[in-house]
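This report refers to the structure that appears directly beneath it.
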Amino acid sequence: MPLDEDGDPLPVPTPPELSDRRFATVDLLPPPDDGGFHSTISEVPSEVAARSTWREGCPVALDELSYVTVSFVGFDQKPHTGELLVNAGVAEDIVGVFHTLFENGFPIEMVNITRPEDLEAEPTGDGNPTTAFVCRAATGGTGWSEHAYGLAIDINPFHNPYLRGETVLPELAGDYLDRSRRLPGMITEGDVVTQAFDEIGWGWGGRWATLKDWQHFSLRGR
């Protein structure tokens, strides 16, 4: 990706093949056998912790997180299974949200746990992982992100980018700044996604005034 004078990636035009993005999900976990919604909540297995961004010094202890699996509908209109790390105190609520999205057929490309190498990789501008816990600072800041507490989740980031001034993340998602397009995977005010999170009392970054983070939902609204 081209960089600005501060070394940050610059937004570039959205390639035609990504302007209406509907990629089929690649299964990392077995999909539900019966095509219905399934979920699990458990302590974080050691092998899952090892491939996550959790480490000593994160603002939550490992036993404050839960390992969650949920069914979701892909852009291929088939059921799939995803995995998340979330704060244990909100695990049941998050499962409820995904159940609602599944029952309403809201498409999600992938649901997975962020790995340390994901944080260190050079930006490609086309990422689209739905994820929750990430031990990192807030975007554009120095304090801990709500993701670092397991109290935030980003859904279809490419379809629902972050916008602050001229900064667009992911960098290739500029076509999705036009929220009137209402393409599959986009989140809009009053839709099934915002209603589901409203019901559990989470705030939406699409309602912020100084910037827009259409992918982002969090317990404390930040």
Side-chain angles (χ1 to χ4, degrees), residues 8-9 11-14 18-23 70 72-75 82 84 86-87 90 93-112 114 123 125-134 136-141 143-222:
D8 297 321
V12 296
T14 303
L18 295 180
S19 187
D20 184 1
R21 180 171 178 154
R22 305 192 193 193
F23 293 165
V70 289
F72 67 95
V73 177
F75 284 86
L84 296 164
V86 300
N87 193 290
V90 302
D93 283 343
I94 292 302
V95 166
V97 167
F98 273 89
H99 192 181
T100 297
L101 302 190
F102 184 90
E103 292 297 321
N104 285 272
F106 180 83
I108 300 174
E109 186 173 321
M110 62 182 76
V111 180
N112 62 285
T114 301
D126 63 349
N128 204 25
T130 291
T131 192
F133 173 79
V134 188
R136 63 167 175 81
T139 302
W144 288 114
S145 165
E146 291 297 280
H147 290 281
Y149 298 90
L151 296 174
I153 187 166
D154 291 341
I155 295 181
N156 287 345
F158 197 87
H159 298 82
N160 303 288
Y162 169 99
L163 173 66
R164 183 171 188 170
E166 296 184 359
T167 299
V168 179
L169 301 173
E171 294 85 358
L172 294 175
D175 280 7
Y176 280 94
L177 298 179
D178 180 358
R179 307 309 291 174
S180 68
R181 299 177 76 205
R182 294 181 177 267
L183 295 171
M186 292 178 67
I187 299 168
T188 56
E189 184 64 73
D191 70 359
V192 64
V193 186
T194 57
Q195 288 185 43
F197 279 102
D198 282 345
E199 288 179 5
I200 66 170
W202 283 39
W204 178 39
R207 294 172 179 150
W208 295 347
T210 58
L211 63 90
K212 297 297 182 184
D213 199 354
W214 288 288
Q215 65 199 260
H216 183 82
F217 293 88
S218 62
L219 175 63
R220 294 179 286 206
R222 56 178 191 257

Q | Step-by-step side-chain contact (heavy atoms from CB on, under 4.5 Å) determination, I94 to W202 | A | CA-CA 10 Å; I94 292 302; W202 283 39; 3.7 Å; yes
Q) About how many Å separate CE of M186 and CD of Q215, when rounded to the nearest 0.5 Å? A) 12.5 Å
Q: Return the set of residues passing salt bridge (Lys or Arg N to Asp or Glu O under 4.0 Å) with D198 (not counting sequence neighbours), or none when no residue passes.
A: R207
(Q) Is any side-chain heavy atom of V193 closer than 4.5 Å to one of Q195? (A) no
Q. Which pair of non-hydrogen atoms, one from A196 and one from T100, has the smallest distance, and what is that distance?
A. CB-CG2, 4.2 Å
For residues 150-161, which side-chain N or O atoms pair as donor and acceptor with protein atoms under 3.5 Å away, sequence neighbours left out?
unit_1 : atom_1 : unit_2 : atom_2 : d
D154   : OD1    : H147   : NE2    : 3.2
D154   : OD1    : H216   : ND1    : 3.1
D154   : OD2    : H147   : NE2    : 3.2
N156   : OD1    : E109   : N      : 3.3
N156   : ND2    : P107   : O      : 2.9
N156   : ND2    : G185   : O      : 3.3
H159   : ND1    : N128   : ND2    : 3.4
H159   : NE2    : R21    : O      : 2.8
N160   : OD1    : R179   : NH2    : 2.6
N160   : OD1    : I187   : N      : 2.6
N160   : ND2    : I155   : O      : 3.3
N160   : ND2    : N156   : O      : 3.1
N160   : ND2    : G185   : O      : 3.0

Q: Applying side-chain contact (heavy atoms from CB on, under 4.5 Å), run through V111 and F98 and close with a yes or a no.
A: CA-CA 11 Å; V111 180; F98 273 89; 4.1 Å; yes
Q. Under the side chain to side chain contact (heavy atoms under 4.5 Å, CB included) test, which residues partner T114, sequence neighbours left out?
A. T53, D118, L119, T131, V134
Q. Just wondering, do Y176 and D20 contact through their side chains at under 4.5 Å, heavy atoms?
A. yes
Q. Which atom pair, heavy atoms only, marks the closest approach of A132 to V86?
A. CB-CG1, 3.7 Å
(Q) Run the side-chain contact (heavy atoms from CB on, under 4.5 Å) test on D175 and R181 for me, step by step, so that the C-alpha distance in whole Å, both residues' side-chain angles and the decisive distance to 0.1 Å come before the verdict. (A) CA-CA 9 Å; D175 280 7; R181 299 177 76 205; 3.6 Å; yes
**Q.** Spacing of E189 atom CD and W204 atom CH2 [to the nearest 0.5 Å]
**A.** 5.5 Å
Q. CZ of F72 to NE2 of H99: how many Å apart, nearest 0.5 Å?
A. 15.5 Å
(Q) If I take atom CZ from residue R222 and atom CG from residue D213, how far apart are they, to the nearest 0.5 angstrom? (A) 14.5 Å
Q: With side-chain contact (heavy atoms from CB on, under 4.5 Å) as the test, would you mind laying out the steps for T188 and T194 before giving the verdict?
A: CA-CA 7 Å; T188 56; T194 57; over 6 Å; no
